[in-house]
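Index from 1, following the sequence. FYI, side chains are in, hydrogens and waters are out, and symmetry mates aren't considered; it's all heavy atoms of this structure.
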Amino acid sequence: MTSDTSLAAALAAGTVVLDGGMSNQLESAGHDLSDELWSARLLAERPEAITEAHLAYFEAGADVAITASYQATFEGFAKRGIGREQAAELLALSVETAREAARRAAAKGVTRPLWVAASVGPYGAMLADGSEYRGRYGLSVDELADFHRPRVEVLAAARPDVLALETVPDADEARALLRVVRGLGVPAWLSYTVDGDRTRAGQPLEEAFALAADVDEVIAVGVNCCAPQDVDGAVRTAARVTGKPVVVYPNSGEAWDAGARAWDGRSSFTPEEVTGWRASGARLVGGCCRVGPEAIAGITAALTP
């Protein structure tokens with residue numbers, strides 16, 4: 001564990017700040033992420049760059065680093081000629097790069113507790129075709145569980161502080177992920193990507209959040225990789241349905257064009273919004289795509305008494 005205090009205990013005591021988007025931070029440092037592995041490619045080619053990205057967020061005020069394993073899967077690595085043994089090593093490395101960033105932050109004078117969240121992206125992230133924003137892959141819950149289990153087990157064995165089951169577009173996939181994390185001995189949060197008051201696959205959020213209400217391993221439930229305007233209602237629903245702390249980290253407000261593999265539109269995210277989210281039940285707050293260290297610093301300032 002990166003901190004002697006558990007993340008669950010920290011959430012019970014107050015609000016914890018997440019980092020922002022990994023890809024935009026890497027791109028701002030000059031790295032090309034245009035292939036299907038996205039930021040996970042740098043685990044094999046430039047892990048130091050990932051450590052530096054995590055460090056930038058810790059220095060900006062983030063308490064939790066989300067690893068660069070969102071798009072890292074055995075299947076995705078296999079397409080690049082990377083075998084299962086090396087793929088497992090790269091998954092574990094994603095946790096270690098975040099831990100190393102925490103060590104460097106401490107060496108530079110950061111004294112607050114820091115945690116590492118191992119990212120578990122949805123099945124659609126492996127496809128790299130934007131389907132994580134649609135769900136409904138045509139796979140059963142059993143098939144989705146079989147896909148996720150090997151990767152989740154490797155990440156859990158690397159002993160992160162928490163598993164981030166994130167950008168989940170479909171309640172069926174949430175069922176599969178919740179099945180996989182039971183009994184692993186590592187806490188998790190579950191966050192959906194949403195459109196209004198429904199998952200991207202169209203299920204009501206009340207039903208989607210309810211799946212995690214009685215899962216002891218889940219320490220927070222909420223939303224990420226969504227428009228800022230969809231957050232407030234989702235926070236209230238998640239808090240009411242589950243009684244758990246709520247996790248929220250939206251995009252900047254720009255829209256992803258999967259065909260062009262580019263962001264379109266203008267940012268609508270303002271750090272000041274987070275105080276309203278906290279009032280509604282959010283306890284784990286940060287940003288996702290196109291939200292950088294400057295915005296995280298703003299969130300930290302807004303949430304500091």
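Two different hydrophobic clusters hold Leu55 and Met22 under the rule that ILVMFWY side chains link at heavy-atom gaps under 4.5 Å. Side-chain heavy atoms closer than 4.5 Å link hydrophobic residues (I, L, V, M, F, W, Y) into clusters, and following such links, possibly through other members, connects Leu163 to Val215. Leu177 is not connected to Val141 by any chain of hydrophobic side-chain contacts under 4.5 Å among Ile, Leu, Val, Met, Phe, Trp and Tyr, and they are in different clusters. Both Val248 and Leu211 belong to a single network of hydrophobic side chains, linked directly or stepwise wherever heavy atoms of I, L, V, M, F, W or Y lie under 4.5 Å apart.
Note that the CZ atom of Phe77 and the CG atom of Leu90 stand 4.5 Å from one another [nearest 0.5 Å]. How far CD1 of Ile299 is from CD of Glu272: 9.5 Å, rounded to the nearest 0.5 Å. Note that the CZ atom of Phe209 and the OG1 atom of Thr199 stand 9.5 Å from one another [nearest 0.5 Å].
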I'd like to know whether Leu18 forms a side chain to side chain contact (heavy atoms under 4.5 Å, CB included) with Val247, so could you lay out the CA-CA distance, the side-chain angles of the two residues, the decisive distance to 0.1 Å, and finally the verdict. CA-CA 9 Å; Leu18 287 169; Val247 55; 3.9 Å; yes
Quick one: do Val218 and Leu178 satisfy side chain to side chain contact (heavy atoms under 4.5 Å, CB included)? Show the steps, please. CA-CA 8 Å; Val218 175; Leu178 293 171; 3.5 Å; yes
Walk me through whether Cys226 and Asp195 qualify under side chain to side chain contact (heavy atoms under 4.5 Å, CB included). CA-CA 7 Å; Cys226 59; Asp195 186 5; over 6 Å; no
Under the side chain to side chain contact (heavy atoms under 4.5 Å, CB included) criterion, do Arg46 and Ile50 qualify, and how do the steps go? CA-CA 7 Å; Arg46 286 289 306 279; Ile50 294 173; over 6 Å; no
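Side-chain atoms of Asp230 and Val223, non-hydrogen and from C-beta on, never get closer than 4.5 Å to each other. Residues Tyr133 and Cys225 are in side-chain contact: their nearest non-hydrogen atoms beyond the backbone lie under 4.5 Å apart. Using a 4.5 Å heavy-atom threshold, the side chains of Asp172 and Tyr137 count as separate. Counting heavy atoms from C-beta on, the side chains of Val64 and Val17 never come closer than 4.5 Å. Considering only heavy atoms from C-beta on, Val186 stays 4.5 Å or farther from Val162 through its side chain. Within the 4.5 Å cutoff, side-chain heavy atoms of Ser69 are placed close to those of Leu155. Within the 4.5 Å cutoff, the side chain of Val152 has heavy atoms near those of the Leu184 side chain. Looking at heavy atoms from C-beta onward, Lys108 lies in side-chain contact with Glu59 at the 4.5 angstrom threshold.
Ionic pairing of Glu75 and Lys79 is not present here: no N-O contact between side-chain nitrogen and carboxylate oxygen is shorter than 4.0 angstrom. Salt bridge annotation for Glu96-Arg103: present, with a cationic side-chain nitrogen under 4.0 angstrom from a carboxylate oxygen. For Arg182 and Asp216, the salt-bridge test fails: no basic side-chain N is under 4.0 Å from an acidic carboxylate O.
Remark: Arg198 pairs with no residue by the salt bridge (charged side-chain N to carboxylate O under 4.0 Å, His left out) rule, at least two apart or across chains.
Side-chain contact, Tyr70 with Glu132: a donor N or O sits under 3.5 Å from an acceptor N or O. For the residue pair His148 / Glu173, a side-chain donor-acceptor distance below 3.5 Å is found, with atom types taken as modelled. Judged by distance alone, the side chains of Glu166 and Tyr192 never bring a donor and an acceptor atom under 3.5 Å apart. Residues Thr193 and Arg200 have side chains that bring a donor and an acceptor to within less than 3.5 angstrom of each other. Defined by atom type and a distance below 3.5 Å, a donor-acceptor pair is missing between the side-chain atoms of Ser140 and Asp142.
Shown here for Ala98 and Ala65, the closest heavy-atom pair between the two residues is CB-CB, 4.2 Å. A pairwise comparison of heavy atoms in Thr97 and Ser94 identifies OG1-O, 2.9 Å as the closest pair. Residues Ala238 and Val246 come closest through the heavy atom pair CB-CG2, 4.0 Å. Counting all heavy atoms, side chain and backbone alike, Gly76 lies closest to Thr73 at N-OG1, 2.8 Å. The shortest heavy-atom contact between Val221 and Ala212 is CG2-CB, 3.7 Å. Across Cys289 and Asn24, no two heavy atoms sit closer than the pair C-OD1, 3.8 Å.
Judged by distance alone, with hydrogens and angles left aside, the side-chain atoms of Ser6 form a donor-acceptor pair with the main-chain N or O of Ala9 at under 3.5 Å. Of the possible polar contacts, one joining the Thr67 side chain to the Ser119 backbone as a donor-acceptor pair under 3.5 Å is found. Checked by atom type and distance alone, the side chain of Asn224 pairs as donor or acceptor with a backbone atom of Thr167 at under 3.5 Å. The backbone N or O of Thr270 lies less than 3.5 Å from a partner atom in the side chain of Glu273, making a donor-acceptor pair. Not one N or O on the side chain of Asp63 forms a donor-acceptor pair closer than 3.5 Å with the backbone of Leu114. Gln203 places a side-chain N or O within 3.5 Å of a backbone atom of Ala171 that can act as its donor or acceptor partner. Using modelled atom types, one side-chain atom of Ser280 and one backbone atom of Gly276 make a donor-acceptor pair closer than 3.5 Å.
Judged as a side chain to side chain donor-acceptor pair (under 3.5 Å), the pairs with a partner in residues 234-247 (not counting sequence neighbours) are, in order, Glu206-Arg240, Asp232-Arg236.
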